[in-house]
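Each remark here refers to the structure printed beneath this line.
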Amino acid sequence: MNLLPLPPAYYTQPTLVLARDLLGKTLWRRTADGVVSGIIVETEAYISACDPASHNYRRPTKRSQTMFGPPGHAYIYLTYGMYHCLNVVTEPPGQSAAVLIRAIAPVAGRELMAARCPRRAPRDLGRGPGRLCQALALTIADNGLDLTGDALWLSHSPDMEPLDPARVATSTRIGISQGLDLPWRFFIRACRAVSGPAKLNRGTADG
DNA sequence: CTTGAGATGTTCT
DNA sequence: GAACATCTCAAGA
């Protein structure tokens, strides 16, 4: 099995290319409690230079400095005062862009994830950016983690059949009030682990 | 399946 | 003060 972290060069791909390519990859998380993993089924791209919904669009903020850093690191922030969101930083240092990981289909360590989310249905453990971070025990304390390290990393998914490009769909993004026209959400069609309203999840068939 | 209200703390106007 | 890359719960179709 090839469970080693994807190399730094992987994260130098353009943000929109990476947002799509991350679908079907496996996300791993190691803490003192053990290792958990899941297959990425839903992402969103945020590119500050041209995207009014992106952090750092108006001006750089302290919260989102990590987005200016090197690609292949985690940008994690607190949202709505209660939940966390995990992003993969993209683009060369000095540029601000990232891919929000919105949902995973849990694979390894499902018991540990369930223990972290007491009243949650097993089906919903990785469904949504806030729930995903809770299942993976990610907080702002983990902001900036190197995704080629051994606490949080990505790998190929050798036990999964190659993702059929026809199963990749796009839509507008969720939970924003600006940049509503940009089709920068990517997800796997007909996947129960994908978040968002069913209506949006029909998506656009563009491979 | 859907809708709507409330929780909660940092960032922005 | 208002907005915010969210979620839970309750109630209705």
Side-chain angles (χ1 to χ4, degrees), chain A residues 15-16 18-20 22-23 27 38 40-69 71 73-91 95-106 113-145 147 152 169-187 189-203:
Chain A
T15 301
L16 292 174
L18 195 59
R20 173 176 307 218
L22 284 169
L23 296 177
L27 175 64
I40 295 173
V41 298
E42 182 186 1
T43 66
E44 284 178 357
Y46 289 87
I47 305 173
S48 305
C50 58
D51 174 10
S54 178
H55 295 170
N56 293 324
Y57 173 70
R58 303 285 290 177
R59 64 183 65 78
T61 66
K62 181 178 181 182
R63 168 177 68 173
S64 42
Q65 282 301 300
T66 306
M67 288 179 71
F68 286 106
H73 288 245
Y75 167 44
I76 300 173
Y77 67 92
L78 182 67
T79 190
Y80 291 102
M82 277 173 288
Y83 300 99
H84 297 273
C85 288
L86 167 66
N87 298 256
V88 174
V89 174
T90 62
E91 304 295 339
Q95 295 188 47
S96 172
V99 176
L100 172 68
I101 309 300
R102 284 197 58 92
I104 60 172
M113 288 190 262
R116 289 167 175 159
C117 312
R119 298 173 300 284
R120 187 160 303 150
R123 164 162 292 162
D124 293 335
L125 282 174
R127 185 169 168 272
R131 292 185 279 223
L132 180 158
C133 282
Q134 189 179 359
L136 268 49
L138 290 170
T139 70
I140 52 174
D142 302 297
N143 182 34
L145 273 181
L147 295 176
L152 183 66
T170 68
S171 79
T172 55
R173 294 170 293 178
I174 293 177
I176 55 173
S177 61
Q178 302 184 58
L180 297 174
D181 53 316
L182 298 172
W184 286 359
R185 174 173 177 254
F186 302 85
F187 61 97
R189 189 189 298 280
C191 177
R192 307 301 293 266
V194 171
S195 75
K199 180 176 180 178
L200 246 196
N201 290 342
R202 288 196 295 265

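Numbers restart at 1 for each chain; the letters A, B, ... are given by sequence-line order, proteins then strands.
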side-chain contact (heavy atoms from CB on, under 4.5 Å) with [X]: which residues, sequence neighbours excluded?
X      : value
A:A135 : A:M113, A:C117
A:R116 : A:T31, A:D33, A:V36, A:L112, A:A137
A:T61  : A:N56, A:R63, A:S64

Heavy atoms within less than 4.0 Å of DNA chain C: which residues of residues 135-145 of chain A have one? Give them sorted by number. none

Under a cut-off of 3.5 Å for both distances of each Watson-Crick or G-U pair, what dot-bracket string does DNA chain C give, using [ ] for crossing pairs and | for inter-strand pairs? ||||.|||||||.

For A:Q134, all residues meeting side-chain hydrogen bond (donor to acceptor under 3.5 Å, both in side chains), sequence neighbours excluded: A:R120

side-chain hydrogen bond (donor to acceptor under 3.5 Å, both in side chains) against A:R173, all qualifying residues, sequence neighbours excluded: A:D51

Could you list the donor-acceptor pairs under 3.5 angstrom formed between side-chain atoms of residues 175-182 of chain A and any protein atom two or more places apart in sequence or on another chain?
none

Suppose the criterion is salt bridge (charged side-chain N to carboxylate O under 4.0 Å, His left out): which pairs have a residue in residues 134-144 of chain A, not counting sequence neighbours? A:R29-A:D142

Do the side chain of A:R127 and the main chain of A:V194 share a donor and acceptor less than 3.5 angstrom apart? yes

Determine yes or no for a side-chain-to-main-chain donor-acceptor pair under 3.5 angstrom, with A:S171 supplying the side chain and A:L200 the backbone. no

Heavy atoms of A:L100 and A:P129 approach each other most closely as CD1-CB, 4.2 Å

Could you give the side-chain donor-acceptor pairs of residues 76-84 of chain A under 3.5 Å, partners two or more places apart or in another chain?
none

Could you write nucleotides 4-13 of chain C as a row of B, S and -, 5' to 3', where a protein heavy atom under 4.0 Å of any base atom gives B, of only sugar-phosphate atoms gives S, and otherwise -? BBBSSS----

To the nearest 0.5 Å, tell me how far A:T172 OG1 sits from A:W184 CH2. 13.0 Å

Identify the 5'-most and 3'-most nucleotides of DNA chain B with at least one atom closer than 4.0 Å to a non-hydrogen atom of chain A. B:dT2 to B:dT13

